[in-house]
Amino acid sequence: MRIAKSPHRDRSIRFMTIAIACTAIGLTLPGWSRSARAADPKPGFRAGAATSNISPWLGMSINGNMHDGKTTHIHDELHARALVLDDGKTKLAIIVCDSCMIPREVITNAKRLIRERSHLELDHVLISATHAHSCPTAGSVFQSDPDPEYLQFLAVRIADAAQRAINNLEPAKIGWGTGKNAEQVFNRRWKMKPGTIPADPFGKTNDRAKMNPGIANPNLVEPAGPIDPEVPVISVRSAAGQPIALLANYSLHYVGGVGAGHASADYYGAFADRTKELIEGDRLDPPFVAMMSNGTSGDINNINFREAHKPTPPYGRIKLVANELATEAVRVARSVEYHDAVTLDARAADLKLGVRQPNPEELAAAEATIARAKKGPDLSTVPELYARESILLSKYPKQVDVNVQALRIGGLAIVAIPCEVFVEIGLKLKAESPIKPAFTIELANGYNGYLPTKEQHELGGYETWRARSSYLEVDAASKITAKALDLLQELEKAR
């Protein structure tokens, strides 16, 4: 028996034949499946952003000071803010966390989780802390120690932010530019009149620079270093023009002025809120994410020591700084050229750097100071605090691994350093980077204390005093800078 041909079957065969031919030459047909379009060998640029809440529970340690504090109130929620970029071959993730500093162990655990979930390469993930001094302790410094349970929670929530950003990936456009605000940054280290700087915690009188010398101090001579007023901005929009994310960078320490016992994201969190308001990014789906990363602010703060600020209520100064920076960042975002096709790349390397440990005589003196200290839960004097730091540093290895990272986003470069970086270093990297513009995110991928230049070490002062907050070898800055420039050169050659 002969089976009649179906006209519908013939049309189906012809349609499939045409579809295959169209696919071969890069065309698509109306109604053709999304999976077929996804098979295009030249996928476009995509981006996604998300946040995870990393707020502490009440009663947790707050660090950033020589004496420990405890959270009694959460003024504003703390977040890990993530931006993931995908050029079709390479993915990069940048995650900025509301934290004073995050030790490398926590960063490593978070990166491993991210890799297990998404196969993102470890070197392609940048995780930084903002250095707000009103956040829960994540790294042991002076008399503050972290809750181990919070460290596990923090690593998971950082990884969650990255995965949620990956889940939100969509066709996108990206642009970058640089704004400026010179009104909110001041070098906090000052050269003083001879004989007016007191002895350091070890009893020596060699310091020639003083941190936070006092407003309108008659003994001021001149700032010990420059400032960096630039506000680099990366802005990301969907293919349809909806804002996805804005990442800014500013070389300013925390602002402070929060309530006693308050957990707060400082001006970094206020910047994110104000930017969302200015860019009209409220109630979008997926939500718009703004983030402020810390530049090279190891010797920079918000105090004009020549003249006093007008008194402000709690959070008043934070709001002022956040509003000015958000206004400038949004102005830049609205003026830049957007690209729907950029390439991405990353490099990272560990340096073995020496640790400044006390010699036997210094260690003996530190132990004697602690033996004389008044017994109690806390040490009360600065010499006692630094004696304890010397004892703890004596147990450190002679060398530590310090991670240096560089990312390339189209014609833009980002350097990541796990220290509180002095501003001269950031300015040098911007000037000598083969990829321009470039900027640095500090306190990224770990915590290795202050990073003064060799010249600043010679001037002395708080940021150079040997402690877990400042322990790398004197030549660390030059070695880290050289490695960062090497990585940038590799990225430039690979373009």
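The structure displayed is predicted, hence computed values, not measured ones.
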With a 4.5 Å cut-off on side-chain heavy atoms, are [Y] and [X] touching?
X	Y	answer
Met192	Asp207	no
Ile95	Met291	no
Arg208	Lys191	no
Ile441	Val415	no
Met60	Pro136	yes
Thr440	Ile425	no
Ile107	Tyr447	no
Glu389	Arg466	no

Salt-bridge present ([X], [Y]; N to O < 4.0 Å):
X	Y	value
Arg104	Asp350	yes
Glu230	Lys180	no
Arg372	Glu384	no

If we ignore hydrogens and angles and just use 3.5 Å, is the side chain of [X] paired with the main-chain N or O of [Y] as donor and acceptor?
X	Y	result
Lys454	Ala476	no
Ser394	Ile391	yes
Asp76	Ala265	yes
Lys111	Val125	yes
Thr196	Lys193	yes
Ser55	Leu78	yes
Asn168	Ala49	yes
Arg388	Ala366	no
Lys428	Val423	no
Ser390	Pro358	no

Of the non-hydrogen atoms in [X] and [Y], which two are nearest, and what is the gap between them?
X	Y	answer
Leu427	Pro226	CD1-CG, 3.8 Å
Leu407	Asp123	CD2-O, 4.2 Å
Pro397	Val355	O-CG2, 3.3 Å
Ser297	His253	O-ND1, 2.6 Å
Ile318	Ala270	CG2-CB, 3.8 Å
Thr296	Glu442	CA-OE1, 3.6 Å

Testing the 3.5 Å rule here: is there a donor-acceptor pair between the side chains of Glu328 and Asn181?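 Side chains of Glu328 and Asn181: no pair found under 3.5 Å.
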Determine whether the side chains of Glu362 and Gln357 contain a donor N or O and an acceptor N or O closer than 3.5 Å.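 Result is no, nothing qualifies.
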Just how far is it from atom [atom1] of [X] to atom [atom2] of [Y], taken to the nearest 0.5 Å?
X	Y	atom1	atom2	result
Thr137	Met101	OG1	CE	8.5 Å
Asn187	Ile300	CG	CD1	4.5 Å
Ile74	Asn53	CD1	CG	7.5 Å
Met292	Thr130	CE	OG1	11.0 Å
Cys135	Asp98	SG	CG	5.5 Å
Trp176	Leu412	CH2	CG	6.5 Å

Classify the ring geometry of Phe153 against Trp57: parallel below 30°, tilted from 30° to 60°, perpendicular beyond 60°.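 The arrangement is perpendicular - the two ring planes meet at more than 60°.
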For Lys310, is the NZ atom crowded, meaning more than 12 foreign heavy atoms sit under 6.0 Å from it?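 Counting other residues, nucleotides and ligands, NZ of Lys310 stays at 12 neighbours or fewer.
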Glu473 vs Lys479, salt bridge (charged side-chain N to carboxylate O under 4.0 Å, His left out): CA-CA, chis, key distance, verdict: CA-CA 10 Å; Glu473 62 177 276; Lys479 293 179 180 180; 2.9 Å; yes
Check the pair Asp486, Arg347 against salt bridge (charged side-chain N to carboxylate O under 4.0 Å, His left out), reporting the backbone distance first and the verdict last. CA-CA 10 Å; Asp486 286 346; Arg347 298 287 188 280; over 6 Å; no
Check side chain to side chain contact (heavy atoms under 4.5 Å, CB included) between Asn323 and all other residues, then give those that pass, not counting sequence neighbours.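 Only Arg274, Thr327 meet the side chain to side chain contact (heavy atoms under 4.5 Å, CB included) criterion with Asn323.
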Aromatic ring proximity, centroids under 6.0 angstrom, [Y] and [X]:
X	Y	result
Tyr471	Tyr396	yes
Trp465	Phe202	no
His67	Phe142	no

Give the C-alpha distance, both sets of side-chain angles, the deciding distance and a yes or no for side-chain hydrogen bond (donor to acceptor under 3.5 Å, both in side chains) between Asp68 and Ser144. CA-CA 5 Å; Asp68 190 41; Ser144 296; 2.7 Å; yes
His131 vs Tyr268, test: side-chain hydrogen bond (donor to acceptor under 3.5 Å, both in side chains). Steps then yes/no. CA-CA 9 Å; His131 201 60; Tyr268 313 96; over 6 Å; no
Going through the distances and angles, do Asn167 and Gln163 end up as a side-chain hydrogen bond (donor to acceptor under 3.5 Å, both in side chains)? CA-CA 6 Å; Asn167 294 344; Gln163 186 57 50; 3.0 Å; yes
Trace of the side chain to side chain contact (heavy atoms under 4.5 Å, CB included) decision for Tyr450 with Tyr462: CA-CA 10 Å; Tyr450 280 101; Tyr462 163 75; 3.4 Å; yes
Assess the residue pair Asp160 and Arg117 against the criterion (salt bridge (charged side-chain N to carboxylate O under 4.0 Å, His left out)); give the C-alpha distance rounded to whole Å, side-chain angles, the decisive distance to 0.1 Å, and a yes or no. CA-CA 10 Å; Asp160 285 352; Arg117 292 171 175 176; 2.8 Å; yes
Can Arg188 and Glu463 be said to form a salt bridge (charged side-chain N to carboxylate O under 4.0 Å, His left out), step by step? CA-CA 11 Å; Arg188 71 181 191 176; Glu463 298 89 347; 3.0 Å; yes
Hey, mind stepping through Leu325 and Val231 against side chain to side chain contact (heavy atoms under 4.5 Å, CB included) and telling me if it holds? CA-CA 8 Å; Leu325 295 180; Val231 185; 4.1 Å; yes
Should Ser52 and Arg81 be marked as a side-chain hydrogen bond (donor to acceptor under 3.5 Å, both in side chains) after you check the CA-CA gap, both sets of side-chain angles, and the distance that decides it? CA-CA 7 Å; Ser52 280; Arg81 298 176 171 90; over 6 Å; no
